[in-house]
Protein chains: 2
Amino acid sequence: MTVNIDLLIRKLQARHDLSREEESALRSIHWIERSFERNQVMVRGSDELHHSMLLLSGFVLRSKIAADGSRQIVETNVAGDFVDLHGFILKRLEHEISAASPCDVALAPHDDLRRITNAFPRLTRVLWFQTLVDASIHREWMLVLGKKRSRSRIAQFFCEMQARLKIVGLADANGYDLPFFQQELADITGMSPVHLNRCLKELRDGGLVTYRAGRVEIHELAKLGRDAQFDPAYLHIGHHEI
Amino acid sequence: MTVNIDLLIRKLQARHDLSREEESALRSIHWIERSFERNQVMVRGSDELHHSMLLLSGFVLRSKIAADGSRQIVETNVAGDFVDLHGFILKRLEHEISAASPCDVALAPHDDLRRITNAFPRLTRVLWFQTLVDASIHREWMLVLGKKRSRSRIAQFFCEMQARLKIVGLADANGYDLPFFQQELADITGMSPVHLNRCLKELRDGGLVTYRAGRVEIHELAKLGRDAQFDPAYLHIGHHEI
DNA sequence: TGGATTGTCTAACCTAGGTTACCCTGGCGG
DNA sequence: CCGCCAGGGTAACCTAGGTTAGACAATCCA
């Protein structure tokens with residue numbers, strides 16, 4: 001039985017109009033399916049990589065650890081994300097990837113990726129684009145972490161997740177499932193769990209959003225966006241000639 | 001007279017062993033030379049791009065502006081950097097590029113880049129690699145901005161610049177020229193100019209590093225690195241099979 | 001049924017770093 | 001030669017958010 005990578009194809013198609021050949025090139029990859037449990041480390045930073053991981057379902061966290069042991073989560077990935085595609089080129093990450101929920105992934109051997117990037121330059125650029133959207137998200141979060149207030153930071157995270165999950169049909173304007181502990185939200189937004197909790201309360205009392213039992217209930221998406229000063233341009237959603 | 005892109009070739013060679021064909025492909029680009037004065041905006045975030053910019057000399061800053069007008073500098077580029085190579089793929093940045101000193105650049109038309117990425121898949125991966133190092137630097141700075149203390153943040157910046165400038169022969173263990181205002185250092189490290197000044201004083205009084213008149217004098221590189229908890233792995237310096 | 005464990009929530013206290021306000025210095029133009 | 005102005009430096013004060021400590025609620029065994 002073959003691995004179902006329709007989610008990836010759909011996501012790429014939404015932006016770039018893949019040709020029939022490009023699509024079948026992606027399908028020709030010898031995808032290997034694997035599952036992980038919550039909290040399992042999927043890739044250690046020091047590992048040399050021979051596969052890249054397409055996330056089929058679940059949530060993964062990519063995090064860096066400072067010398068004093070504190071953790072900064074540098075990106076959260078959702079179903080449809082090609083989590084460590086950059087590992088195909090870099091070979092070694094300098095961060096760790098772990099499962100924030102039970103996850104199904106499809107592994108693409110780098111040999112296959114090398115084969116198709118040798119044969120399909122335009123498809124190569126499509127894949128390259130994916131990694132650059134990640135970089136764009138990183139830049140936005142440098143702004144968020146460097147300049148925004150704590151409450152705006154979580155508001156921003158909730159907005160970003162809403163936008164990204166909507167693309168793959170896992171969110172609507174009212175909310176979405178997000179199985180994160182408050183400790184994890186704190187490590188995403190660069191603050192202490194105590195203060196994160198304070199901010200969640202403020203957002204809840206303000207009638208913007210409620211986070212409870214692994215679910216984000218959005219009461220006022222527009223207000224939430226204003227609170228975060230959220231501008232989704234950095235996600236580069238929508239059609240893009242390549 | 002042709003534009004001198006030896007700096008780029010040397011920098012890429014150091015990591016990836018370009019073939020003769022790949023090197024001449026890069027030289028076949030119709031490079032356009034341009035100069036900018038200090039503070040000139042080189043690329044606005046909203047511009048549609050048709051060229052990417054190789055920095056031949058000088059320093060450039062890439063920055064994002066928050067809704068309240070505050071600025072976060074998301075990367076500083078030095079001579080030899082292919083500043084907005086990601087613009088070749090993304091077509092539109094979501095940040096601004098400006099000259100932090102008088103700058104000479106060489107512009108690569110995207111048509112040429114498309115031509116050589118169509119013909120040289122391995123060279124494509126080499127260019128892709130460059131953009132992924134940027135992403136890796138972004139991730140490190142998410143950790144720095146999210147988790148590190150103010151003094152470590154500047155210490156980290158001085159360490160990173162030392163490492164990056166050394167590659168292109170613009171720094172040694174004792175220091176380097178860096179023509180930034182304190183306001184700019186503050187916007188890089190996500191702090192107020194006043195507090196930045198306090199931290200510079202601490203580093204100076206501690207005998208680690210002195211910043212004065214556009215010059216970084218490093219007194220104790222090892223101590224500085226320890227203060228920053230600096231680990232240059234994220235710069236991916238050194239040879240890399242691709 | 002009842003302890004143990006894990007996560008959420010809150011209060012009290014404290015500090016890193018922001019803000020405001022001001023002085024000092026050096027370079028530059030008139 | 002003098003006044004102006006931009007940038008560097010400091011002091012005094014204030015606040016966002018960190019830290020510590022502990023209560024509470026739900027779940028999971030034994």
Side-chain angles (χ1 to χ4, degrees), chain A residues 37-39 59 61 66 68-72 100-101 143-157 177-206 209-217 227-229, chain B residues 37-39 61 66 68-72 100-101 143-158 177-206 209-217 227-229:
Chain A
E37 286 162 30
R38 152 123 254 211
N39 275 330
F59 291 84
L61 296 174
D68 68 348
S70 65
R71 169 178 71 160
Q72 177 66 46
S101 74
L143 175 67
V144 171
L145 293 169
K147 285 279 135 75
K148 293 194 186 178
R149 286 280 133 92
S150 52
R151 218 183 59 197
S152 302
R153 299 214 284 264
I154 329 161
Q156 169 110 15
F157 179 68
D177 291 329
L178 190 80
F180 289 172
F181 296 136
Q182 295 193 0
Q183 176 67 62
E184 291 167 329
L185 294 179
D187 288 342
I188 288 166
T189 51
M191 58 211 256
S192 69
V194 174
H195 193 58
L196 177 99
N197 186 285
R198 280 197 280 254
C199 291
L200 285 180
K201 183 174 159 61
E202 273 186 56
L203 289 172
R204 196 187 321 127
D205 293 351
V209 63
T210 301
Y211 185 66
R212 236 196 43 122
R215 171 128 192 118
V216 178
E217 292 289 350
D227 207 84
Q229 306 159 33
Chain B
E37 287 162 28
R38 150 121 257 209
N39 275 330
L61 296 175
D68 69 349
S70 66
R71 170 178 72 159
Q72 177 66 46
S101 74
L143 174 67
V144 171
L145 294 170
K147 286 280 137 72
K148 293 194 186 177
R149 284 283 133 91
S150 53
R151 221 185 55 197
S152 302
R153 300 214 284 265
I154 330 162
Q156 168 109 16
F157 178 68
F158 286 149
D177 291 329
L178 189 81
F180 290 172
F181 296 137
Q182 294 193 0
Q183 177 67 64
E184 291 167 329
L185 294 179
D187 289 342
I188 288 166
T189 51
M191 58 212 254
S192 68
V194 174
H195 193 58
L196 176 100
N197 186 285
R198 280 197 280 253
C199 291
L200 285 181
K201 183 172 159 59
E202 273 184 57
L203 289 172
R204 196 188 322 127
D205 293 351
V209 63
T210 301
Y211 185 65
R212 236 196 43 121
R215 169 120 194 127
V216 178
E217 293 289 352
D227 207 85
Q229 305 161 31

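Residue numbers start from 1 in every chain, and the chains themselves are labelled A, B, ... in the order their sequence lines are given, proteins ahead of strands.
Cation-pi contact between A:Arg38 and A:Phe181: present, with separation from the ring centre below 6.0 Å and deviation from the ring axis of at most 45°.
The CD-C1' distance, from B:Glu202 to D:dG9, rounds to 14 Å in whole Å. Atom CZ of A:Arg212 is separated from atom C1' of D:dA26 by 11 Å (rounded to the nearest Å). Look at CZ on B:Arg149: it is 9 Å from C1' on C:dT15, rounded to the nearest Å. Rounded to whole Å, the distance from OH on B:Tyr211 to C1' on D:dG9 is 15 Å. Regarding A:Lys147, its NZ atom lies at a distance of 12 Å from the C1' atom of C:dG18, rounded to whole Å. Nucleotide D:dG8 holds its P atom 17 Å from the NE2 atom of B:His195, rounded to whole Å. One can place CD of B:Glu184 at 13 Å from C1' of D:dA6, the figure rounded to the nearest angstrom. Counting to the nearest Å, the P atom of D:dT19 and the CE atom of A:Met191 are 13 Å from each other.
When the side-chain nitrogen and oxygen atoms of A:Gln182 are compared with OP1 and OP2 of C:dC9, one or more of them lie within a distance under 4.0 Å. Taking 4.0 angstrom as the limit, B:Asn197 places a side-chain polar atom (N or O) nearer than this to OP1 or OP2 of D:dG9.
Between the side chains of B:Lys148 and B:Gln156, at least one donor N or O sits under 3.5 Å from an acceptor N or O.
With the nearest nucleotide of DNA chain D identified for both B:Lys201 and A:Arg151, B:Lys201 has the one nearer the 5' end.
Here B:Arg198 lies in heavy-atom contact (under 4.0 Å) with a base. At the heavy-atom level, B:Ser150 lies under 4.0 Å from the strands shown only through sugar-phosphate atoms. Here B:Gly190 lies in heavy-atom contact (under 4.0 Å) with sugar-phosphate atoms only.
Using bins of under 30°, 30° to 60° and over 60° for the plane-to-plane angle, the ring pair A:Phe180/A:Phe59 lands in the perpendicular bin.
One finds the CG atom of B:Leu196 at 5.5 Å from the CD atom of B:Gln182 (value rounded to the nearest 0.5 Å).
For A:Phe181, the side-chain atoms get nearest to C:dT8 when compared with the rest of C:dT8, D:dG18, D:dG7.
Taking every heavy atom of both residues into account, A:Tyr211 and A:Leu200 meet most closely at CB-CD2, 4.2 Å.
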